[in-house]
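Notes to accompany the following structure.
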Amino acid sequence: MAYLKFQGEGIFNGREILPAHQVLVTNEKGIIEEIIPATEAGADVQQHQGLLCPGFVNTHCHLELSHMKGLLPEKTGLVDFVTGVMQQRNFTPEKIQSAMAEAEADMQAGGIVAVGDICNTDHTITQKAQSPLHWYNFIEVSGFIPQSAPLRFEQAVKTYNSFTEKLPATGQHQTAVTPHAPYSVSNALFELINGFSAGKVISVHNQETPEEDAFFRNGISRFRQLYTQLGADISFFEHPGCSSLQHWLPQVTQPAAVLLVHNTCTTETDIRFAQQVAAGRQQTLYWTLCPNANLYIEGRLPHVEQLRQNQCAITIGTDSLASNWQLSILSELQTLRTHLPNIPLNELLQWATLNGAQALRMHDKLGSFEKGKQPGILVVDKRLDSVKRLL
Ligand SMILES: [Zn+2]
């Protein structure tokens with residue numbers, strides 16, 4: 001078996017940056033053998049400008065919305081954005097398929113090796129069947145009218161079965177039925193999803209807009225107008241008088257892990273509450289940041305420092321091309337670096353690699369340079385200006 005040897009300006013191994021005089025050794029398929037001093041590496045060492053880094057993990061994407069690139073205006077707020085997606089998502093199957101193929105190729109070229117992907121439809125199955133990327137498919141369900149819960153859930157389970165049957169490699173261990181968002185899922189629907197989630201990872205759009213917390217705290221919110229526009233009678237709804245997170249998280253007792261996505265309005269009280277609830281039932285929480293989408297939709301970023309100070313496991317997502325100009329983890333890291341220049345580089349890279357792999361339960365093969373893994377190998381510029389894929 002031939003070995004491949006790589007040396008850069010340092011090696012980011014998934015947790016820390018090792019100094020430049022180390023060499024990463026893999027077999028010819030890119031399966032990690034070891035990291036050794038350059039003095040012991042012998043000949044044929046490839047030299048690269050930049051840090052060697054495991055492949056990126058994108059923990060929040062909607063591949064099926066790729067055809068909506070540039071369609072919806074920026075900074076309108078979430079309520080108008082959600083309305084726009086619902087009204088404008090229908091295109092011809094050809095247009096939808098070709099946009100997905102292009103978006104996936106871009107993700108791959110940009111160093112992404114795995115994706116946590118939200119699926120409202122089965123549109124992505126054909127693309128994923130031939131994809132070299134790893135996928136965790138979150139089959140998303142919504143419905144705020146309690147009476148609609150059984151039917152909505154049944155439809156989601158049908159889509160779930162399509163995915164597990166047609167994508168056997170992904171199978172049940174990388175497919176879950178997942179709630180869309182607290183303001184769009186009734187308690188009855190949360191209960192059905194929860195019953196289907198034992199041992200799974202689920203993903204929830206959490207506290208993406210101040211309107212969401214207002215809906216649960218005092219009931220005065222633009223989400224009420226949204227439901228009126230949709231012709232839905234939500235007069236039954238009594239606001240619980242707490243934040244959105246404090247309303248929904250206690251209801252999802254079964255999943256092994258929960259990805260809280262966006263967290264734009266999450267407070268320190270919410271974080272502590274969530275940690276206490278999760279600890280009480282041995283559940284792992286991941287806090288997924290999609291900074292470019294937050295700037296696109298709401299024009300604001302989450303309190304990243306608060307998450308860091310509370311030792312939250314942070315991961316990175318791109319969201320969809322309906323709310324982002326590109327599906328690039330590097331671009332998300334650049335945005336974080338611009339707004340929060342004090343976060344150490346190794347920490348940012350860990351969010352984009354190992355934490356993401358752990359969140360999607362793929363850390364046995366991805367996320368770090370450890371013997372036996374096949375995480376992909378990138379060269380990332382130290383100033384985060386560029387990324388190049390080696391394997
Ligand atoms: Zn999303």
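Sequential numbering from 1 along the given sequence is applied to the chain's residues. We use all heavy atoms of the structure for the numbers below, so side chains are in, but hydrogens, waters and symmetry mates are not. In this text, all values refer to a predicted model and were calculated from it rather than measured experimentally.
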Shortest non-hydrogen separation from [X] to [Y] and the atoms involved:
X    : Y    : result
V177 : I202 : O-CG2, 3.7 Å
K5   : D44  : CB-O, 3.9 Å
K29  : N27  : N-OD1, 2.8 Å
L72  : M68  : CD1-CE, 4.1 Å
P210 : C265 : N-SG, 3.4 Å
A41  : I36  : CA-CD1, 3.7 Å

Parallel, tilted or perpendicular: which describes the rings of Y227 and F144, with under 30° parallel and over 60° perpendicular? parallel

In this structure, CD1 of I314 is separated from CG of L348 (nearest 0.5 Å) by 9.0 Å

To the nearest 0.5 angstrom, please state how far the CG atom of N294 sits from the CZ atom of R300. 9.5 Å

Within the 4.5 Å heavy-atom criterion, are [X] and [Y] side-chain neighbours or not?
X    : Y    : answer
L333 : L349 : yes
R337 : L345 : yes
K373 : L366 : no

Would you say [X] and [Y] are hydrophobically clustered, going by side-chain heavy atoms of ILVMFWY under 4.5 Å?
X    : Y    : result
L245 : F215 : yes
L354 : I11  : no
Y136 : I316 : no
L378 : M107 : yes
F273 : V204 : yes

Can V115 and L63 be said to form a side-chain contact (heavy atoms from CB on, under 4.5 Å), step by step? CA-CA 9 Å; V115 184; L63 187 68; over 6 Å; no

Does the side chain of [X] come under 3.5 Å of the side chain of [Y] through a donor N or O and an acceptor N or O?
X    : Y    : result
S331 : N292 : yes
T209 : E211 : no
S131 : E104 : yes
N324 : Q326 : yes
S142 : S184 : no
S328 : D106 : no
E64  : N120 : yes
D270 : T267 : yes
W287 : N206 : no

Atom [atom1] of residue position [X] - does it have more than 12 heavy atoms of other residues, nucleotides or ligands inside 6.0 Å?
X    : atom1 : value
E40  : CD    : yes
E74  : CD    : yes
K158 : NZ    : no
E191 : CD    : no
E34  : CD    : yes

Could you check Y286 against L360 for side-chain contact (heavy atoms from CB on, under 4.5 Å), going step by step and ending with a plain yes or no? CA-CA 10 Å; Y286 294 93; L360 301 183; over 6 Å; no

What's the verdict on side-chain contact (heavy atoms from CB on, under 4.5 Å) for T318 and F56, showing C-alpha distance, side-chain angles and the deciding distance? CA-CA 11 Å; T318 59; F56 291 145; over 6 Å; no

Can you tell me which residue pairs pass the ring pair (Phe, Tyr, Trp, His ring centres under 6.0 Å) test with a partner in residues 183-205, sequence neighbours excluded? H60-H205, H62-H205, F153-F196, Y160-F196, H180-Y183, H180-H205, Y183-F223, H205-H262

Could you tell me whether a side-chain N or O of E9 sits under 3.5 Å from a main-chain N or O of K382, the two making a donor and an acceptor? no

For the residue pair Y296 and W325, is the inter-centroid distance of their aromatic rings smaller than 6.0 Å? yes

Under the criterion side chain to side chain donor-acceptor pair (under 3.5 Å), which of D213, N263, T264 is the partner of Q207? D213

